[in-house]
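In what follows, a single structure is set out as structure tokens and then discussed.
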Amino acid sequence: MTKFRTKLLIALITLIISVLIGLGILLGQLFKSYYLQSFNERLKVEKNLLSFYIEENGGVSAFKKQDVSKISGMLNVRATITDPQGKILYDSGELEDSPSNGLKQIIQDVIKKKIEQEDRFEEGDGYDLHYYWKALMKNGQKEGYIFLSTKTNELNQAYGQIWWILSISLGIALIVILYLGIRITSRYTKPIEEAANVAIELAKGNYRARTSTGKLDETGMLGTSINRLAMNLQELVKAQEMQQDRLTALIENIGAGLILIDSRGYINLINKGYIDIFHVNPKDYLSELYYEVMDQKEVCQIVAEVFRTEQKVRKQLLIPLNIERKYFDVYGVPIIGINNVWKGVVLVFHDITELKKLEQMRKDFVANVSHELKTPVTSIKGFAETLMDGAMNNQQTLEAFLSIILKESERLQTLIQDLLELSKIEQQGFKLNLQQVDINKLLDEVNDLLTGRAQAKHIKLEYNRLSKSVFINGDLDRLKQVFINLVSNSINYTPEDGHVEVVLQDNDEYIRIHVIDSGVGIEKEEIPRIFERFYRVDRARSRNSGGTGLGLAIVKHLVEAHHGNIIVRSDIGKGSEFIIELKK
């Protein structure tokens, strides 16, 4: 903006100087013309006066030289009188530094060439002479001539004084105008400069910039308008940023994968959910055609169908992702703007894998419960019908069948109790009866309870107890149930002459209980499923041991209720190790 002020000032000064110089030249010429005209008029009057004096006093032959000399001295001119042939009859004397040959040449030119003009101006080296002449008449005849000559030094001096006065006046006027111009340009360009700086800041995105508004003139109105514009822009940008933040937060945290495709098929946006689900790099997707970057043909078909029909499309797809297979509920929605202008397509991916798993677990649960209940009920019904058909008359058969019926009814009762127990644990309002529990003492009791079962299978059951008591905040009965289930499973799945070991470790922040057996082991692919309801690694062995298939599911829920962790390590044919971590 300083350049603008400088340019404005330079332009103003140039204009003023040009005007002043032109005005000075014009005034100088006017003064020169006026002074020269006055000088010429004076000489003409003096010429006429001398000629009239000579003619009135007897003419050329009778004039008095003393009077002519006196008059020429008073007029400060050189007077020369000649006869009609040009012979000088009287000359009042040469002017200083002026040659006489110029006058003689003019006399000859006037007489011989009969020049009608009555004045001549000559310039010489160091002098300027002005000549005037007039014929002297007597009785109507030309009696001679009178020549007047004078220097124009006074005229030149007058010219110099005029130009000097004009130069000084114009210089003073220029200084005054320059000072006033600087003040005026500063006064009027400063608000404009501030407004321009604010406009530049607004263009850069700094909407907090403001200009001062102290005056009520046009510049003050400009500053007020700029400030109002900045304030409106700031409010608009703030509202836009808030709206953008809300929209971004909504899109990024919608809990589903979202992808936006424009009307030409180019991908404009993908959210964090889509990136996390499909593990893609946004740079590889943005501004690319959807069918060139999407590997799933079913998804491309959904997009193509939305483009073709301009209707919503919803499908459930099974999409392989690396080593996993996930179910997605995919929505394809057309984006149609004002006046039915086609904008593009929005794809939303809802991960329903867990819902599918839960649905499958529900189906499996119903099937497993039905199967587990069907077997003992069928056995009881069959043996009861056999007894009613006459087998009850045989005492030995009666006792054997009743023993089987009792065993199956006990198994049915155990299954129902475990189902009720699992249902109770999974309820939202389930609470633990928390108290200080000595884990060392608790594991001693579990070891004592299951020693007999282990000895019946010739299995060595060991507990590596600690020498000190280890207390945690937990539910005594529930923790006992956890370890009884774990140790019972180890005994059930360990062949005869095997061993089961329980190890208690005390760390600074938590304790670890290791239940190690030398049983059949679990395949690595089956380890993630052993905590599902009714899932059995070896169904025949589990059923023969009286298991219901719900023990590990109960264990998992109870450990999680105590904010603990359960870890499983196993090798086929070498045994398994269950590790329970509980906070102290």
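Counted by atom type alone, S469 and D438 present one or more donor-acceptor pairs between their side chains at under 3.5 Å. No donor-acceptor contact under 3.5 angstrom links the side chains of R569 and S576, judged on distance only.
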| said: Does V482 form a side-chain contact (heavy atoms from CB on, under 4.5 Å) with L486? I'd like the steps, not just the answer. | reply: CA-CA 6 Å; V482 168; L486 289 177; 4.2 Å; yes

| request: Let me see the working for T494 and I491 under side-chain contact (heavy atoms from CB on, under 4.5 Å), right down to the final yes or no. | output: CA-CA 5 Å; T494 300; I491 294 173; 5.9 Å; no

| request: Take L406 and L402 through the side-chain contact (heavy atoms from CB on, under 4.5 Å) test and state the conclusion after the steps. | output: CA-CA 6 Å; L406 179 61; L402 289 176; over 6 Å; no

| task | Using the ring-ring contact (aromatic ring centres under 6.0 Å, His included) rule, take F328 and F278 through it: C-alpha gap first, then chi angles, then the decisive distance, then the call. | result | CA-CA 12 Å; F328 290 95; F278 293 95; 5.5 Å; yes

| request: Any chance you could lay out the side-chain contact (heavy atoms from CB on, under 4.5 Å) test for K343 and I336, step after step, and finish with the verdict? | output: CA-CA 5 Å; K343 296 294 186 179; I336 300 176; over 6 Å; no

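Inter-residue side-chain proximity for I319 and V299 is flagged as met; some heavy-atom pair is nearer than 4.5 Å. Q435 is listed as a side-chain neighbour of V437, based on a closest heavy-atom distance under 4.5 Å. With a 4.5 Å cut-off on side-chain heavy atoms, Y463 and D444 count as touching. In this structure, the side chains of V568 and E577 stay at 4.5 Å or more apart for every pair of heavy atoms. Contact check for V502 versus N464: no side-chain heavy atoms found under the 4.5 Å cut-off. At a threshold of 4.5 Å between non-hydrogen side-chain atoms, the residues I567 and E581 count as touching. Proximity of Q311 to V306: side-chain heavy atoms (C-beta onward) are nowhere separated by under 4.5 Å. Residues I439 and I513 have side chains in contact (heavy-atom distance under 4.5 Å, counting atoms from C-beta outward).
Seen from the ring of Y327, K356 counts as a face-on cation partner, given the 6.0 Å and 45° thresholds.
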Name the atoms and distances for all side-chain donor-acceptor pairs under 3.5 Å in residues 245-267, with sequence neighbours left out.
from	atom 1	to	atom 2	distance (Å)
T248	OG1	Q244	O	2.7
E252	OE1	K272	N	2.8
N253	ND2	A249	O	2.9
D262	OD1	R264	N	3.1
D262	OD1	G265	N	3.0
D262	OD1	Y266	N	2.7

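Heavy-atom minimum distance, P334 versus K312: CD-N, 4.0 Å. S488 and R453 get closest at one heavy-atom pair: OG-NH1, 3.3 Å. In terms of heavy-atom proximity, N473 sits nearest to H562 at O-CD2, 4.4 Å. Looking at every heavy atom in both residues, G564 comes nearest to L582 through CA-CD2, 4.2 Å. Across every non-hydrogen atom of S518 and G498, the tightest pair is OG-CA, 3.6 Å. Nearest heavy-atom pair, S570 versus G575, reported as atom, atom and distance to 0.1 Å: OG-O, 3.2 Å.
Partners of D448 under the side chain to side chain contact (heavy atoms under 4.5 Å, CB included) rule, at least two apart in sequence or in another chain, do not exist in this structure. A search for salt bridge (charged side-chain N to carboxylate O under 4.0 Å, His left out) contacts involving E445 returns K480, not counting sequence neighbours. Residues passing the salt bridge (charged side-chain N to carboxylate O under 4.0 Å, His left out) test with E310: none are found, sequence neighbours excluded.
In this structure, CG on N447 lies 8.5 Å from CG on L443, to the nearest 0.5 angstrom. Between atom CD of residue Q296 and atom CD1 of residue I302 there is a gap of 10.5 Å, rounded to the nearest 0.5 Å. To the nearest 0.5 Å, atoms CD (E501) and CD (E462) are separated by 5.5 Å. From Q436, atom CD reaches atom CG of L434 across 10.0 Å, with rounding to the nearest 0.5 Å. To the nearest 0.5 angstrom, I472 atom CD1 is 5.0 Å from L479 atom CG. Interatomic distance, CD of Q505 versus CZ of R512, reported as 7.0 Å (0.5 Å rounding).
Applying the ring-ring contact (aromatic ring centres under 6.0 Å, His included) test to residues at least two apart or on different chains, the pairs with a partner in residues 279-310 are Y274-Y285, F307-W342. Legend: salt bridge (Lys or Arg N to Asp or Glu O under 4.0 Å) pairs involving residues 224-240, not counting sequence neighbours: none detected.
Comment: K315 engages E305 in a salt bridge, judged by a side-chain N to carboxylate O separation of less than 4.0 angstrom.
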